[in-house]
Amino acid sequence: MPELPEVETTIVGLKPIVGSLIHNIKIHTPKLRFLIPKNILLLKNYIKIQSIDRRGKYIVISLSNDHSMVIHLGMSGRLILTTVAKFIKKKHDHFILCTNKEHLLVFNDPRRFGFLDYDKSSNILSRNYFLKMGIDALDKTLTGILLFEKIKTSEVPIKQLLLNQHIIAGIGNIYASEILFDAKISPLEKGRDLNIKDCNKIIVSIKKILRKAIISGGSSLRDYVSADGTLGNFQNNFKVYNKEGKKISGSIIRKIVQYGRASYYCPKLQKKK
DNA sequence: CGGGCCACCTGGCGGC
DNA sequence: TGCCGCCAGGTGGCCC
């Protein structure tokens with residue numbers, strides 16, 4: 001479930017272990033998308049978890065030894081916060097971190113498209129995935145003009161541009177459809193055909209939809225993170241995603257495939273210019 | 001360089 | 001019931 005709102009929700013759920021000390025780490029699967037750096041196993045000396053933050057869809061855990069862990073959830077990754085007493089190892093539990101307060105942070109990922117990185121914080125900051133990352137979707141300085149400048153010459157459809165993390169970071173395939181529906185803009189519209197007014201609308205919709213999703217997702221969390229593998233409550237709020245053939249305001253929702261990925265939209269309410 | 005497309009994985013679902 | 005093909009919330013790397 002990992003688009004920006006799910007990552008944000010995950011981070012909120014991890015708050016209980018901020019300030020805790022790392023007691024032990026176990027790697028059950030050495031290679032996810034990439035190899036897990038083996039020196040992460042040296043984290044047994046009661047290093048403190050100083051903060052847990054989000055950058056785009058990445059989770060950054062800063063530690064007191066001037067190192068950081070970075071976690072990306074890929075398509076199917078989840079972080080589950082539980083306790084030693086309650087824990088039963090499940091299939092696809094690849095990585096487990098135990099704190100001095102007997103909290104367990106478990107990384108579960110059936111498809112293994114996620115990854116886990118660990119290095120000196122100064123090195124982490126200059127990783128390619130951070131250097132190339134665009135402005136965060138919820139960054140206050142993200143404006144319509146900024147988006148316009150980035151896409152004004154592109155022949156690529158706006159749906160695909162919204163998925164490009166080098167332009168704006170955090171939007172995934174579900175929310176891209178939801179955002180364009182909210183903005184009343186066709187997913188087929190090319191970047192170069194959108195004016196500043198269109199871009200302003202898109203930015204307003206990005207912030208509105210993502211914030212709403214965070215609020216809905218957050219409410220379903222308790223003692224573990226990312227709830228039950230669904231999108232918190234927000235899935236009930238989808239207007240177009242996965243709703244092919246259904247009607248909205250009397251108009252049919254269509255599914256098309258762009259660059260191998262499903263887009264849902266209402267051709268009547270999202271007319272191409 | 002921008003852009004198009006595939007690869008990387010497992011699991012769930014619908015159709016036959 | 002079983003098998004098969006298709007689909008899935010992401011993105012790095014290859015090609016042109």
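The figures that follow rest on heavy atoms only: side chains count, while hydrogens, waters and symmetry mates do not. Letters A, B, ... mirror the listed sequences (proteins, then strands); counts begin at 1.
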Given atom [atom1] of [X] and atom [atom2] of [N], what is their separation to the nearest angstrom?
X: A:Phe238; N: C:dA8; atom1: CZ; atom2: C1'; answer: 13 Å
X: A:Lys132; N: B:dC1; atom1: NZ; atom2: C1'; answer: 12 Å
X: A:His166; N: B:dG2; atom1: NE2; atom2: P; answer: 11 Å
X: A:Leu32; N: B:dC8; atom1: CG; atom2: C1'; answer: 12 Å
X: A:Met133; N: C:dT11; atom1: CE; atom2: P; answer: 8 Å
X: A:Gln258; N: B:dG3; atom1: CD; atom2: P; answer: 15 Å
X: A:Arg78; N: C:dA8; atom1: CZ; atom2: P; answer: 19 Å
X: A:Ile171; N: C:dT11; atom1: CD1; atom2: P; answer: 12 Å

Check your understanding: Which residues within residues 107-131 of chain A lie with some heavy atom under 4.0 Å of an atom in DNA chain C?
Key ->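 Heavy-atom contacts with DNA chain C come from A:Arg111, A:Phe113.
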
Taking the [atom1] atom of each, how far is [N] from [M], in whole Å?
N: B:dG11; M: C:dG12; atom1: C1'; value: 23 Å
N: B:dC6; M: C:dC6; atom1: P; value: 14 Å
N: B:dC5; M: C:dC7; atom1: P; value: 16 Å

Point to revise | Salt bridge present between A:Asp119 and A:Arg127 (N-O < 4.0 angstrom) | key: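 Yes, A:Asp119 and A:Arg127 are salt-bridged.
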
Review point. Judged by modelled atom types alone, do A:Asp109 and A:Ser76 share a side-chain donor-acceptor pair under 3.5 Å?
Key: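 There is such a pair between these side chains.
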
Exercise for review: Quick one: label A:Glu155 by what it contacts on the DNA or RNA (base, sugar-phosphate, nothing), any heavy atom closer than 4.0 Å.
Suggested key: sugar-phosphate

When you measure from the side chain of [X] to the backbone of [Y], do you find a donor-acceptor pair of N or O atoms at a distance under 3.5 Å?
X: A:Lys243; Y: A:Arg254; answer: no
X: A:Glu189; Y: A:Pro157; answer: no
X: A:Lys57; Y: A:Ile171; answer: yes

Just N and O in the side chain of [X]: are any of them under 4.0 Å from OP1 or OP2 of [N]?
X: A:Lys31; N: B:dC8; value: no
X: A:His72; N: C:dT11; value: yes
X: A:Ser154; N: B:dG3; value: yes
X: A:Gln165; N: C:dT11; value: yes
X: A:Lys91; N: B:dG11; value: yes
X: A:Arg261; N: C:dG10; value: yes
X: A:His92; N: B:dC9; value: no

Check your understanding: For the atom pair CG (A:Asp136) and CD (A:Glu8), what is the distance rounded to the nearest 0.5 Å?
Key ->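 Taking CG in A:Asp136 and CD in A:Glu8, the distance rounds to 8.5 Å.
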
**Study point:** Partner of A:Lys159 under side chain to side chain donor-acceptor pair (under 3.5 Å), chosen from A:Ser177, A:Ser186, A:Ser263
**Key:**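 With A:Lys159 as partner, side chain to side chain donor-acceptor pair (under 3.5 Å) holds for just one option, A:Ser263.
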
Point to revise | Qualifying residue, where the test is side chain to side chain donor-acceptor pair (under 3.5 Å) with A:Asp182 and the options are A:Gln270, A:Lys201, A:Lys208 | key: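 Going through A:Gln270, A:Lys201, A:Lys208 one by one, the side chain to side chain donor-acceptor pair (under 3.5 Å) with A:Asp182 is satisfied by A:Lys208 alone.
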
Exercise for review: Nearest-nucleotide wise, let me know which of A:Tyr241 and A:Tyr58 is further upstream toward the 5' end of DNA chain C.
Suggested key: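 Per heavy-atom nearest nucleotide, the more 5' residue is A:Tyr241.
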
Candidates [options] - which lies nearest the side chain of [X]:
X: A:Arg33; options: C:dA8, C:dG12, B:dG11; answer: C:dG12
X: A:Lys255; options: C:dC7, B:dG4, C:dG9; answer: C:dC7
X: A:Glu3; options: C:dG9, B:dG11, C:dT11; answer: C:dG9

Review point. Strictly under 6.0 Å, is that where the ring centroids of A:Tyr58 and A:Phe130 end up?
Key: yes

Check your understanding: Does A:Phe95 have its ring centroid less than 6.0 Å away from the ring centroid of A:Phe115?
Key ->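 No, the ring of A:Phe95 stays outside the 6.0 Å limit from the ring of A:Phe115, centre to centre.
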
**Study point:** Heavy-atom side-chain contact between A:Leu105 and A:Ile17 under 4.5 Å
**Key:**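 Yes, their side chains come closer than 4.5 Å.
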
Exercise for review: Dot-bracket for DNA chain C, please, read 5' to 3', with Watson-Crick or G-U wobble pairs under 3.5 Å on both distances, ( ) within the strand, [ ] crossing, | other strand, . unpaired.
Suggested key: .|||||||.|||||||

